[in-house]
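The chains referred to below are lettered A, B, ... by the order of the sequence lines, with proteins before strands, and numbering in each begins at 1.
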Amino acid sequence: MENRQIADIFTEIADILDIKGDNPFRIRSYRNAARSVGDMSENVAAMAREGKDLEQIPGIGTSIAEKIKEIVSTGRLEFLDELRAGLPRGLTELLKIEGLGPKKVKLFYDNLKIDTVDKLEAAAREGKLRELFRMGDKSEENLIKAIARYRTGQGRFKLSVAFEYAQSIINYLKRSKGVRAIEAAGSLRRRRETVGDLDILAICAGGTDIMDRFVEYDGIEEVLAKGTTKSSARLACGLQVDVRVLPGESFGAALQYFTGSKEHNIALRTRAVERKLKISEYGVFKGERCLAGRREEEVYAAVGLPLIAPELRENHGEIEAAGKGKLPKLIELSDVRGDLQMHTTATDGKESVLDMALKARELGYDYIAITEHSKAVKVARGLDEKRLAKHLKAIEKIQEKITGLRILKGVEVDILPDGSLDLDDAILKECDVVIGAIHYRFNLSEKEMTRRIIRGISNRHLNIFGHPTGRLILERPSYEVDIEELIRAAKDCGVALEINAHPDRLDLRDVHVRLARDQGVKLVISTDAHSTQNLEFMRYGVFTARRGWAEAEDVLNTLPLDKLLRALKK
DNA sequence: GCCGTTTTCGGCCCGACTGTTTTCAGTCG
């Protein structure tokens with residue numbers, strides 16, 4: 001059983017209790033438990049079966065631990081069944097509609113027996129909702145719009161997409177009167193792989209026109225709210241953008257607050273309360289007196305902590321680590337000295353080996369590896385042994401034409417369904433870098449897939465396992481694989497795991513990076529570039545590595561060339 | 001329902017905006 005399934009059960013419990021108007025703190029406990037389990041890299045069901053102490057998991061106490069055991073052993077939870085019996089199933093779905101919370105869902109259900117999105121829409125269109133307590137025609141109108149958005153399923157956006165919108169809006173807003181500083185906060189600043197909305201913070205002098213200017217931004221489809229300190233709008237692409245204006249003396253506190261995550265902030269504020277302080281988006285206060293707020297560092301310092309990098313702010317142990325001076329020294333983009341996966345016109349890349357090399361040199365790299373597909377990847381015209389041999393010779397020729405950059409001879413060889421490799425050892429031996437990867441037959445059972453991969457990476461010529469889970473963000477889930485067993489096997493085989501930096505992949509993902517790192521498995525960050533432009537994806541891989549607490553020394557392609565080559569040897 | 005280096009009971013983060021009111025509940029982040 002996946003952690004996600006267990007988390008979903010607790011979320012449903014929280015939703016139902018919410019609608020019933022239960023104790024809000026009890027509800028929060030279930031939501032915390034859902035998040036905690038959902039974010040775990042270790043399989044909770046397996047932990048339960050092995051008799052491990054579930055109460056060690058943050059947010060899990062006696063009662064919820066018991067419920068997890070029940071779910072794992074019976075596949076059901078009596079408590080949830082009882083809760084469900086009292087309410088129609090569609091009610092919790094209504095909570096997903098923006099602007100609809102538990103109170104209104106209950107109001108609509110109690111008065112009009114509304115328990116589906118369709119019934120809600122019909123009631124709104126017929127003007128029946130406006131007769132209810134504290135409802136009006138405006139509320140109905142907004143609900144109809146929110147239902148339309150819910151139906152088109154606009155949710156989260158890939159980090160790279162959100163990044164580009166944020167940059168464009170910030171450049172536009174910078175030209176407003178009186179803007180002194182402007183920065184994006186939120187999950188974008190934490191570099192989460194997907195972003196739900198943009199939070200843009202600005203310091204402005206008096207008489208600013210930033211909000212007037214913001215609502216005129218030509219990508220905006222609908223203005224949701226407009227005030228002097230906060231405005232919200234939805235772009236045509238569906239992305240919501242919040243802009244907040246703050247006084248300079250609060251900017252650090254606001255940046256801290258709006259960067260989140262919510263869970264990190266709750267933990268930080270709790271720490272403040274223990275010190276008789278209060279943290280809000282305006283500063284750190286002792287009674288009425290403001291102790292800090294201008295800079296983010298001051299906010300953390302006020303509660304006795306060093307600055308915590310935004311990528312770590314998930315309440316995944318970073319506050320404890322900071323308190324003990326044990327924060328990792330996170331890898332930086334400038335630590336990366338080369339890129340170890342890319343494709344050229346020899347297979348499905350768009351540009352030549354020389355063009356890729358020149359661009360890489362421009363980026364300041366010491367080395368790259370050219371790693372074409374093997375023959376199993378037919379759509380990419382993958383190379384067989386003979387064509388690869390010729391290609392390796394061609395790379396040597398091109399190396400003669402370029403100085404200041406080493407072009408490593410590589411290949412991305414497919415691991416076939418039986419775990420054998422798609423190319424003979426004799427040719428793999430000629431390569432400086434051999435990446436193993438999976439590109440087809442994703443539908444094996446977890447057991448078969450894990451066995452396939454472990455057999456594949458056991459090949460003595462294989463150095464790196466590429467895009468280890470095969471997922472495409474928001475498009476395709478990972479194939480089924482026992483990631484912990486895979487990580488152990490990578491360690492045993494001396495194989496590095498790739499953080500594929502392509503913004504559609506980011507694979508390994510953050511929590512698995514951390515798990516691998518904790519086990520002492522080496523990582524590489526590669527762009528999987530299919531064009532010179534794609535080489536700039538490296539930053540997304542570095543973001544992911546940082547979210548996984550990785551330091552430069554965990555990542556092989558921060559090494560100088562000679563050390564890298566030694567490290568790749570098995 | 002969870003949690004604890006002052007605690008096993010009594011807390012649990014904090015503020016802005018909307019839409020409905022004429023002082024505030026609900027929702028969001």
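For Thr229(A), there are no side-chain hydrogen bond (donor to acceptor under 3.5 Å, both in side chains) partners two or more places apart in sequence or in a different chain.
A gap of 26 Å separates the P atoms of dG15(B) and dG10(B), to the nearest Å. Between the C1' atoms of dC17(B) and dT23(B), the separation comes to 16 Å (whole Å). When the C1' atom is compared between dC14(B) and dT7(B), the two are found 24 Å apart, to the nearest whole Å. A gap of 33 Å separates the C1' atoms of dT21(B) and dG11(B), to the nearest Å.
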How does protein contact run along nucleotides 11-19 of chain B, one letter per nucleotide 5' to 3', with B for base contact, S for sugar-phosphate only, - for none, heavy atoms under 4.0 Å? -BBBSSSSB
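Counting non-hydrogen atoms under 4.0 angstrom, Ile60(A) reaches the backbone sugars and phosphates but no base. Within the nucleic acid shown, Tyr30(A) comes within 4.0 Å of sugar-phosphate atoms alone, with no base atom in reach, counting heavy atoms only. If you check every strand for non-hydrogen atoms under 4.0 Å, Lys106(A) touches nothing. Here Ser232(A) lies out of heavy-atom contact (under 4.0 Å) with every strand. As judged by a 4.0 angstrom heavy-atom cut-off over every strand, Pro24(A) is placed among residues making no nucleic acid contact.
The nucleotide whose nearest atom lies closest to any side-chain atom of Asp242(A) is, among dT27(B), dG29(B), dG1(B), dG29(B).
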